[in-house]
Every structure is written in C-alpha cells, then in structure tokens.
Amino acid sequence: MKLSQQEKNFNKDFFGHPAGLSTLFFTEMWERMSYYGMRALLVLFMTLNLQEGGMGLTVASATAIYGLYTGAVYFFGLPGGWIADRLIGGQQAIWYGGIIIMSGHILLALQSESTFFIGLIFIILGTGLLKPNIGALVGQLYSLEDPRRDAGYALYYMGINIGSIIGYIACGWLQVYMGYHWAFGAAAIGMGIGLIHFRLTLYKLGGQAEFATQPLSPSGRKISQLAIISCIFLIGLFTVLILSGSILIDPILFAQYIAIAITVIFVMYYSSLYFLSNLNSNEKKSLIALFLICIASTLFWAGFEQAGSSLNLFGRDYTNRVFGGFEIPPSWFQSANSFFIVILSPFFAALWINLGKRLVKPNYGIKCAIGLIIMASGFIVMFFAAQAASRGLLVAPYWLVTTYFLHTVGELCLSPVALSAVSRLSPKRFSGQLMGVFTLTYSIGSVVAGLVAGNFNPENFEQMPNLYLQISLFSILGGIIIAALATLTRKWESLLEEEAELLQTKA
Ligand code: GLN
C-alpha cells in the first residue's frame with residue numbers, strides 16, 4: 001500500500017511516532033500541569049487559617065475533602081469514557097473537558113468559599129471527561145499490530161510527568177511568593193495553553209475519535225442526554241443546599257460512606273461479572289488472579305496518595321525549607337515523584353526485559369506485592385523523620401525526598417504492571433468494562449488515603465510516628481499476604497493465553 005506524503009507525516013512525526021501523539025502529549029502535559037499544580041496546594045489552602053486567607057478547616061476535614069476530590073476525579077472517568085464512546089467522541093470530550101477544567105481553576109482563583117467547592121466539582125467533571133479519553137486516543141493512533149504502541153505510551157507518560165513537574169514548581173512558587181490567587185490562576189492558564197494547543201494541532205489526529213465509536217440509537221441518545229442533565233442538576237442542587245447551609249455534611253463521615261459505597265459498587269460489579277456472565281473455568285480463575293491485583297492496587301494508592309495530604313503537611317510544617325534565605329515551597333517536594341518517574345522509567349523498562357532474558361519472570365501478583373512493600377518502606381523512612389519532628393526538630397528535606405523515591409520505585413513496580421494485568425487477564429469481551437472497574441481501585445485508595453491522613457493531627461504530633469508506622473506495617477502485611485496468594489494464582493495468570501494458543505493451533 002502506497003502512503004501519500006500527508007499520511008506519512010501523520011505516521012511519523014514526533015520522535016518516530018504519529019504526529020497526533022504530539023497533540024496529545026502537549027495537551028495532557030498542560031492539563032497535568034494544572035491538575036497537579038493546583039492539587040498540591042489544596043490541603044495547604046484548606047488548612048490555612050482564615051486570617052491568612054485560607055479556609056481554616058481542621059486537618060481531618062481538609063484531608064477527607066481532598067480524598068473525596070481525588071477519588072471522585074477517578075470515579076468520574078467511568079461516565080467520561082462512556083460519554084465519549086457513546087455520545088460525543090474522544091475529541092469533543094477532551095475539548096469540553098478541558099474547558100470545564102479551566103473554568104474550575106478560574107473559580108478556585110476567585111478564592112471564595114462558595115466558588116471553591118463549585119470549582120472543585122468543575123475540575124472533577126472536566127477531568128473525568130478529558131483524562132480517560134486522551135489516554136485512550138493515544139492507543140488509537142496505532143494500528144493493532146504497530147510495535148511502537150508501548151513506546152508511544154511511555155513517551156506520553158513522560159509528558160504527564162513533565163507537566164506535573166511544571167505544575168508543582170510554578171504553582172508552588174506562586175503560592176509562596178505571590179499568594180494562592182495567583183497559583184490557582186496559573187493552573188487555569190496552564191489548562192488554557194493546553195486547550196489552545198489542542199485546537200491548533202487537532203488536524204494532526206487525522207480524524208481519530210472525531211465521533212462516537214459506538215453511537216447510541218436516537219432514542220438512547222435522548223434518554224442518556226436527559227440522564228446526564230438530571231445528574232448535573234442533582235449535583236448542582238446538592239452543592240447549593242450544602243453551601244446555603246440547608247444540609248450539613250460532615251466531610252469525614254461522608255468520605256467514609258463514599259469509600260464504602262465505591263467498594264460495594266466494585267464488589268457487586270466484579271461478582272456479577274464472575275457469577276453471571278457465563279465465564280468458563282479458565283476465565284474465572286483469571287478473574288481471581290486479577291482480583292488480587294485489584295486489592296494490591298487499592299492498598300498501594302491508599303498509601304501513595306498521602307503525597308498531597310499528610311506528606312504535604314509534613315513538608316510544610318516539619319521540614320526545614322529555608323536555605324540561604326530562599327524558602328522552598330512545600331509543594332516542591334511532591335515534584336520528586338515526577339522527577340524520579342522521568343529518570344527511572346527507562347531503567348525499569350530495561351529491568352523487566354533483562355529479568356525476562358534471564359528467565360526470572362515474576363508474575364503480576366508478585367510484582368504488585370513487591371511494589372506495595374517498597375511503597376510501604378517509604379513510610380518507615382517517614383516513621384524516623386516523624387520521630388525527629390516530634391522532638392520539635394525541623395527535619396532535612398532528604399527524608400521526604402527519600403520517601404518519594406521509594407514511593408516512585410513502588411509505583412513503577414505496580415502501576416504499569418497492574419494496567420497490563422488488567423488487559424491480559426480480562427476475558428476479551430469484558431476488557432473495557434474491567435478497565436473501568438479497575439479504575440475504581442484508584443478511587444477507593446484515594447478516599448481511604450484522605451481518611452487515613454486525617455489522623456495526622458498537628459496538635460498531637462507525638463502520634464505522627466505511630467501513624468506512619470501503622471500505614472507501613474499494614475501495607476507490608478498486605479504485601480506479604482498478596483505475595484503468598486500470588487504464588488497460588490501464578491498458574492492462573494497464563495490460562496487465557498494458553499487457551500487462545502490452543503484455539504489457534506486447532507484452527
Ligand atoms: N501520575 C499519573 C497521572 O497523573 C498516574 C496516576 C495514577 O495512575 N493514579 O496520570
């Protein structure tokens with residue numbers, strides 16, 4: 001087949017990848033800049049007292065709200081993906097999602113309590129619409145047999161983390177030296193740049209995801225539009241009632257209920273797939289192996305997501321941040337995660353390949369258990385740091401940086417491995433749904449992380465070392481149990497592939 005010059009450009013224009021990847025790379029880079037730049041400041045802003053322009057919330061309430069926010073961002077990725085597939089297509093979802101996100105950041109920049117919560121809701125809904133669809137569009141740039149796909153995703157992941165670094169550094173600096181107003185405003189500008197870039201380079205996508213891939217019938221469309229409008233109306237009504245004080249909500253209790261509710265949704269969905277979907281015995285065993293990965297993922301994010309909450313507060317209140325007259329903004333510490341991802345990703349990609357060549361092939365379950373245990377060891381570092389802090393010392397920044405290093409190594413062992421496990425252990429006809437269900441583990445983990453961080457009580461900081469020790473021991477125990485069970489599920493992880501190979505040889 002002969003390709004026209006234009007088609008050739010679409011195919012190979014961005015570090016040997018389709019030109020469309022540059023559109024998605026930079027759009028997502030700016031979106032992540034705005035997301036992490038703002039997110040890094042949320043707990044700091046909510047716990048800052050009123051006189052200093054903050055919201056004066058207790059640590060427990062602020063971290064519960066933070067956990068709800070981060071959990072909701074992942075949860076709304078489910079309807080976001082559905083809306084793109086069934087109604088408007090990926091391109092529109094990214095465009096409108098970005099506009100909603102930018103409006104949310106503008107509302108935050110106004111810095112009043114009522115616009116603050118509405119702003120957060122906008123960012124949740126916008127990110128739910130943009131994030132899963134931009135990620136899926138990356139895959140759609142490659143044909144099924146294109147060997148560049150994994151490298152394309154690795155490049156895209158770099159974009160995510162470069163954007164995060166810019167966000168942490170820029171918004172963090174603005175917060176300390178110019179105020180929250182400017183920092184939130186910068187997040188809005190970042191998303192704005194992303195939107196302009198997306199609009200101007202849209203043509204590079206060559207019409208990919210321009211329309212819904214599985215459009216609904218006209219009547220189905222009407223019903224779902226009505227359902228979406230009703231949901232938005234209900235969310236709006238709920239917000240107005242809370243803000244006007246007509247209903248009182250305890251954020252901690254609310255977060256507990258939400259964590260339980262999402263867990264129940266997860267378990268019900270998973271068990272209905274297991275029991276009611278006519279799976280054969282290989283598919284069932286494969287789903288059990290995947291369930292183990294889901295538990296590892298939930299525990300992992302419940303610890304890892306302390307980054308924006310308890311670790312962030314530790315950076316602000318108990319870490320020495322002044323060097324030669326320069327005050328390191330607290331949120332800069334969080335950028336360590338993104339820095340380490342950029343530096344360590346190539347090393348990890350090579351590590352799995354080399355281990356494979358030496359016939360050391362840890363299975364998914366073991367890799368995830370190792371990731372969980374390494375993440376947990378980061379909290380042992382925090383245990384020692386918190387002991388020094390509880391004696392009234394300001395600790396050196398390298399404690400937090402070491403913790404983030406261990407968290408990043410854990411992330412690289414678990415996160416990409418778990419995603420790949422979902423795609424390989426899911427029965428083909430349910431792979432999309434299972435990816436959505438798997439995302440709920442991020443959601444549950446994030447809400448639980450907020451609740452756990454609520455115990456980080458600055459008034460009672462003798463408890464701090466214990467808190468970190470408990471998180472650490474709990475996660476290590478979880479990791480050991482998962483590793484033990486993973487030796488049992490090891491065989492089950494390859495059943496689907498063996499079945500497919502058998503079918504192929506028969507055919
Ligand atoms: N940091 C990555 C991102 O923002 C991954 C986060 C996650 O998988 N929970 O996309």
Side-chain angles (χ1 to χ4, degrees), residues 32-59 62-63 66 105 108-109 111 116 161-190 306-343 378 381-382 384-405 407-408 453 456-459 461 464-465 468:
R32 289 287 96 181
M33 175 270 167
S34 72
Y35 178 75
Y36 284 110
M38 182 285 285
R39 200 186 99 152
L41 308 180
L42 264 188
V43 169
L44 303 180
F45 178 67
M46 286 191 279
T47 53
L48 189 70
N49 56 44
L50 294 167
Q51 292 84 338
E52 291 177 76
M55 292 174 74
L57 296 180
T58 61
V59 166
T63 56
Y66 175 80
H105 288 301
L108 288 189
Q111 240 184 310
F116 178 82
N161 284 287
I162 294 169
S164 315
I165 296 173
I166 302 174
Y168 288 126
I169 302 288
C171 297
W173 188 87
L174 285 166
Q175 175 243 314
V176 170
Y177 293 97
M178 311 277 283
Y180 281 97
H181 178 69
W182 286 89
F184 290 141
I189 292 173
Q306 301 291 316
S309 48
S310 81
L311 294 179
N312 199 7
L313 290 170
F314 190 91
R316 181 184 71 182
D317 299 334
Y318 304 109
T319 304
N320 181 13
R321 294 187 285 113
V322 181
F323 289 91
F326 177 73
E327 182 187 344
I328 304 175
S331 65
W332 281 20
F333 296 120
Q334 289 177 71
S335 71
N337 170 242
S338 306
F339 269 117
F340 288 133
I341 291 267
V342 172
I343 296 167
V381 175
M382 284 314 293
F384 290 113
Q387 271 187 336
S390 68
R391 288 196 296 274
L393 301 171
L394 280 182
V395 305
Y398 56 73
W399 288 98
L400 270 178
V401 174
T402 310
T403 299
Y404 282 127
F405 173 79
H407 281 194
T408 309
F456 182 91
N457 188 351
E459 266 82 65
F461 60 58
M464 218 167 25
Y468 287 130

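Quick note: residue numbers are just sequence positions, from 1.
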inquiry  = Could you walk me through whether His181 and Leu174 satisfy the side chain to side chain contact (heavy atoms under 4.5 Å, CB included) test, starting with their C-alpha distance in whole Å, then the side-chain angles of each, then the deciding distance to 0.1 Å, before giving a yes or no?
reply    = CA-CA 9 Å; His181 178 69; Leu174 285 166; over 6 Å; no

Taking side chain as C-beta onward, heavy atoms only, is [X] less than 4.5 Å from [Y]?
X      : Y      : result
Tyr404 : Leu311 : yes
Phe405 : Val381 : no
His105 : Phe184 : no
Trp182 : Tyr177 : no
Phe45  : Gln175 : no

ask   = Looking at Tyr36, does the NZ or CZ of Arg39 lie under 6.0 angstrom from its six-membered ring centre and within 45 degrees of the ring axis?
value = no

ask   = Do Phe333 and Phe314 have ring centroids that are under 6.0 Å from one another?
value = no

Would you compute the distance between atom [atom1] of [X] and atom [atom2] of [Y] and round it to the nearest 0.5 angstrom?
X      : Y      : atom1 : atom2 : result
Thr63  : Leu313 : OG1   : CG    : 8.0 Å
Tyr468 : Gln387 : OH    : CD    : 13.0 Å
Tyr398 : Asn320 : OH    : CG    : 10.5 Å
Phe339 : Ile162 : CZ    : CD1   : 10.5 Å
Ile341 : Ile165 : CD1   : CD1   : 10.0 Å
Met55  : Leu44  : CE    : CG    : 13.0 Å

key: N/O donor-acceptor pair under 3.5 Å between Thr403 side chain and Trp399 backbone   = yes

Non-hydrogen atoms of [X] and [Y] that approach each other most closely:
X      : Y      : value
Asp317 : Leu394 : O-CD2, 3.6 Å
Gln111 : Gly53  : NE2-O, 3.5 Å
Met464 : Tyr318 : SD-CE1, 3.7 Å
Ala187 : Ser34  : O-CB, 3.0 Å
Pro330 : Gly315 : CB-C, 4.4 Å
Ala388 : Val395 : CB-CG1, 3.7 Å

Exercise: do Thr47 and Arg316 side chains pair donor with acceptor under 3.5 Å = yes

query = Pick one: which of Trp173, Tyr168, Phe326 meets ring pair (Phe, Tyr, Trp, His ring centres under 6.0 Å) with Trp332?
reply = Phe326

